[in-house]
Amino acid sequence: MKFLRKPYVAVCLGLLACFVLAVTIGSANAPAVVERISAPAADAIAEAGGGGQVEAHFRTPNGFPSRHVVLTGAEGLDEATRNEIAHAVARLPGVGGISWSDGDMMVEQHFNPLHCQEDVQALLRARTIRFEEGSAQIDAGSQSLIDEVARALRPCLGAVIEVSGHTDRSGPEERNIMLSRERAQAVKQALVRRGIPADEVRVNGEGSAEPVEGLEPTDPANRRIEFAVVSTQPLLPTPVDTPGPR
């Protein structure tokens, strides 16, 4: 049996050496990673509404540098702001898991998708996202409306949001479909610039296929952007990389 033990011991020693090497390399790289992402993390926290209160700590309980962030100082902030801060930090390249010093790393986001959708629809019943004539350039006067739409959509983070563009029935339908999609894409980009994750927004160009009920297909009032929350399942957490309010 001795001849069987030597290969087994050799394999064990080899695995141990690989583990030690991995830990050594990880420890050597961690300070550089932490140094690179500390300043952007502070900026992201400030932009998300936690400036002067929330701090990101890139250290393990034993004091070693770590990509996994512990956020502190948010005791006086509401859940929506905490959630936005956690997501803002999580989106930074190089950041690992997110946890709060006064909460549980296993965070589940709760939201009512239909409530989010209704909030956006209420905004668009009163006003319309407008574009330059015949183009996908958003009119300057609609920027404040998109600000409000982005705020209404933030509680939906974790769902998939569909942005659909619609036109009236003037001009070739092929052009209408292309223009309606380009306008939906422009709205998506505007939302992403306001902190909505790009991978949670889909775009669709309907052209003139779905006129507003009660309007003639040629009526210019059919030119519009619509939003729908098409995923009704909340984002499920993982123990190492879930941002959340607590």
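Excluded from the calculations below are hydrogen atoms, water molecules and symmetry mates; all remaining heavy atoms, backbone and side chain alike, are included. Heads up: numbering here begins at 1 and tracks the sequence.
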J.: Anything under 3.5 Å between a donor and an acceptor, one on a side chain of residues 122-130, the other on a protein residue two or more places apart or in another chain? List them.
T.:
unit_1	atom_1	unit_2	atom_2	d
R127	NH1	E148	OE2	3.1
R127	NH2	E148	OE1	2.8
R127	NH2	E148	OE2	2.9

J.: Can you check whether E210 reaches H166 side chain to side chain, under 4.5 Å on heavy atoms?
T.: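 E210 vs H166: side chains touch.
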
J.: Atom CD1 of I138 and atom CD1 of I146: how far apart are they, to the nearest 0.5 Å?
T.: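 If I round to the nearest 0.5 Å, the distance is 3.5 Å.
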
J.: Of all heavy-atom pairs between G165 and A184, which one has the smallest distance, and what is that distance?
T.: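 Heavy-atom minimum between the residues: N-CB, 3.8 Å.
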
J.: State plainly whether one hydrophobic cluster holds both L145 and V201, where clusters connect Ile, Leu, Val, Met, Phe, Trp and Tyr through side-chain heavy atoms under 4.5 angstrom apart.
T.: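 Yes: a chain of side-chain contacts under 4.5 Å links L145 to V201.
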
J.: Applying side chain to side chain contact (heavy atoms under 4.5 Å, CB included), run through I177 and E206 and close with a yes or a no.
T.: CA-CA 6 Å; I177 292 174; E206 296 289 349; over 6 Å; no

J.: On a heavy-atom basis, which atom in L92 and which in I37 lie closest, and how many Å separate them?
T.: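 Residues L92 and I37, closest heavy atoms: CD1-O, 4.5 Å.
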
J.: Identify the heavy atoms of S208 and N176 that sit nearest to each other, and give their distance.
T.: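 Heavy atoms only, the tightest pair is OG-ND2, 4.3 Å.
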
J.: Can you list the residues that meet the side chain to side chain contact (heavy atoms under 4.5 Å, CB included) rule with N222, with sequence neighbours excluded?
T.: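 Testing N222 for side chain to side chain contact (heavy atoms under 4.5 Å, CB included), a comparison that skips the adjacent residues, returns D168, P211, V212, L215, D219, R224.
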
J.: Measuring only between side-chain heavy atoms, which start at C-beta, is L71 closer than 4.5 Å to I45?
T.: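 Of all side-chain heavy-atom pairs linking I45 with L71, at least one is under 4.5 Å.
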
J.: Looking at every non-hydrogen atom in both residues, tell me the closest pair between S180 and T167 and how far apart they are.
T.: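 Heavy atoms of S180 and T167 come nearest at CB-CG2, 3.8 Å.
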
J.: With side chain to side chain contact (heavy atoms under 4.5 Å, CB included) as the criterion, how do Q53 and L77 come out once you've worked through the C-alpha distance, each side chain's angles and the decisive distance to 0.1 Å?
T.: CA-CA 9 Å; Q53 291 179 264; L77 298 178; 3.5 Å; yes

J.: Should V163 and N204 count as side-chain neighbours, where that means a heavy-atom distance under 4.5 Å?
T.: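 The answer is no; the side chains never approach within 4.5 Å.
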
J.: Is there a side-chain contact between N83 and E79 in this structure, where contact means two heavy atoms from C-beta onward sitting under 4.5 Å apart?
T.: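 Result no, sub-4.5 Å side-chain heavy-atom pair not found.
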
J.: From Q189 CD over to I196 CD1, what is the distance, rounded to the nearest 0.5 angstrom?
T.: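 Rounded to the nearest 0.5 Å, the CD-CD1 separation comes out at 14.5 Å.
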
J.: For E133, I'd like to know if atom CD has over 12 heavy atoms of other residues, nucleotides or ligands within 6.0 Å.
T.: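 Check fails, neighbour count at 12 or below.
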
J.: Once rounded to the nearest 0.5 Å, what's the spacing between atom CZ of R223 and atom CZ of R183?
T.: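 These two atoms lie 7.0 Å from each other.
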
J.: So E132 and D139, do their side chains get closer than 4.5 Å, heavy atoms only?
T.: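 With C-beta onward as the side chain, the pair touches.
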
J.: Specify the closest pair of heavy atoms between Q185 and V203, including all atoms of both residues, with the distance to one decimal.
T.: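 Shortest heavy-atom separation between Q185 and V203 comes out as OE1-CG2, 3.3 Å.
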
J.: Does the side chain of D119 reach to within under 4.5 Å of the side chain of L153, using non-hydrogen atoms?
T.: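 Counting from C-beta outward, D119 and L153 never come under 4.5 Å.
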
J.: Any link between L179 and I225 through a network of hydrophobic side chains (Ile, Leu, Val, Met, Phe, Trp, Tyr) touching at under 4.5 Å?
T.: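 Unlinked, L179 and I225 end up in two clusters.
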
J.: Please say whether more than 12 non-hydrogen atoms of neighbouring residues, nucleotides or ligands are located less than 6.0 Å from CD in E216.
T.: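 Atom CD in E216 is not packed in, count stays at 12 or less.
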
J.: Go through the side-chain N and O atoms of T81 and D78 and say whether any donor and acceptor fall under 3.5 Å apart.
T.: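 Judged by distance alone, the side chains do pair up.
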
J.: From the options R181, R175, E174, select the one residue that forms a side-chain contact (heavy atoms from CB on, under 4.5 Å) with M178.
T.: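 Passing option: R175.
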
J.: Taking the side chain from E84 and the backbone from G49, do they hold a donor-acceptor pair closer than 3.5 Å?
T.: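 Such a contact is absent between E84 side chain and G49 backbone.
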
J.: Taking all atoms of both residues into account, what is the closest heavy-atom pair of W100 and R82, and its distance?
T.: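 Where W100 meets R82 most closely, the heavy atoms are CZ2-O, 3.3 Å.
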
J.: Would you tell me whether R194 and Q143 have side-chain atoms, one donor and one acceptor, within less than 3.5 Å of each other?
T.: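 Looking only at side-chain atoms, Q143 and R194 do form a donor-acceptor pair, the distance falling under 3.5 Å.
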
J.: Quick one: OG on S38 to NE2 on H57, what's the gap to the nearest 0.5 Å?
T.: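 Those atoms lie 10.5 Å apart.
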
